[in-house]
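Labels below follow one simple rule: chain letters A, B, ... track the order of the sequence lines, proteins then strands, and each chain is numbered from 1. The figures here come from the full heavy-atom set of this structure, side chains too, leaving out hydrogens, waters and symmetry mates.
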Amino acid sequence: MISARMPRYVLIAFFVSLLSLLAGCSTVTTKEAMSVGAVEKAQTYLAETAAVSVGGEPRSINIENFEAALVESLLAAGLVREVDNSGSAPYLLSVDFKNVDLPMFGGSFTINIDTTWKVFDTRDRSLLISEEVASTYTGGFEGGVVGVNRMRVATEGAARENIRLGLEKLRAVGKLDMVPKDAADAGSR
Amino acid sequence: MRNLTLVVALAALLALLSGCATNNATGDVTPGVDLAEFQNLYVVKTPEDRNGVAELITTRLGELGYNAASGPALESYEDADALVTYVDRWMWDITMYMLELTITVEDAQSGYRLASGNSLHTSLTRLSPEEMVDEVLGNIFGSASEGSE
């Protein structure tokens, strides 16, 4: 009896698994979900103009969308007046993904993201600021019941939290042209 | 019938509980950086590298026209214009394969990130280590190598 039914239920199981796999491969972390949104504006610009670059090991985070969310959040927080990636900005904010912990299975996904935020003077490429930012977010069922969607929502939450914490650290610096060149630990890289 | 229900239930549970990463291939050169200014590259070999990834990167950089060498992390890099670091992640699915490769190029003296690239391929779209290195470096140096041809 079991052998007679074997092809049918193996086929159904295969299609359910395939559906799960394909759904997972089509989910992308979005800019809108990773942007910090409405925040208290900084009292002074960190810099009038800065370039922004994101690198490192983003795992399943879409790096272009993360960079777009970062730029939008920087502007919304009033930390820069303008982001200029043409190559002429006097400062560069460089964010590197150092570690993104992604669980394989679970009812609720907890995502940990470690990044390094560095600000350079682009004229002599000297390091002005270096900050480690660690964020955690546990997603529930706000992404629905399918695992890959819940994973995406939890990842977006951890990325959004990482941006929020990074902006807080930048807000504490004040104005960049007041930061002495030897303020950052050059050995931190 | 009970077996059928059980298998479908287990498959559905797997679908609900599992997370799947997307395939990704990115490369980014920092604004204002001309990679052609950095001809002498030093690939910093990680102590955990038992798959010859540093050598693959060094070889490919040489093919792209750069003067590349590899070795362990050093106190200082006076002969290098830029450092090339990498993180490789491997996964087992019938056989071991490279799941993800991230390569970063930074100024050898200041640590200023010049460029970085990342490729992630899950099992069904897996690439060989050579192809992963080629894809990441192609995304980073693609425009520079096209310009020199």
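Under the 6.0 Å cut-off for aromatic ring centres, B:Y66 and B:F141 qualify, their centroids lying closer than that.
For A:V95, the part lying near chain B is the backbone, with the side chain staying farther off; criterion is any non-hydrogen pair under 4.5 Å.
Cation-pi contact between B:R126 and B:Y97: present, with separation from the ring centre below 6.0 Å and deviation from the ring axis of at most 45°. Taking the ring centre of A:Y137 as origin, the terminal cationic atom of A:R160 falls inside the region bounded by 6.0 Å and 45° from the ring axis.
Heavy atoms of other residues, nucleotides or ligands lying less than 6.0 angstrom from CG of B:D79 number 12 at most.
Contacts of residues 77-90 of chain A with chain B at a heavy-atom distance below 4.5 Å involve A:N85, A:G87, listed in sequence order.
Judged by distance alone, the side chain of B:D107 and the main-chain N or O of B:G111 form no donor-acceptor pair under 3.5 Å.
For A:E161 and A:R164, the salt-bridge test passes: some basic side-chain N is under 4.0 Å from an acidic carboxylate O.
Chain A forms the most heavy-atom pairs under 4.5 Å with one residue out of B:G117, B:P31, B:G32, and that residue is B:P31. Listed options B:V87, B:T104, B:T125 were ranked by heavy-atom pairs under 4.5 angstrom with chain A; first place goes to B:V87.
Between B:Y42 and B:Y77, the ring planes lie tilted relative to each other; the angle falls in the 30° to 60° range.
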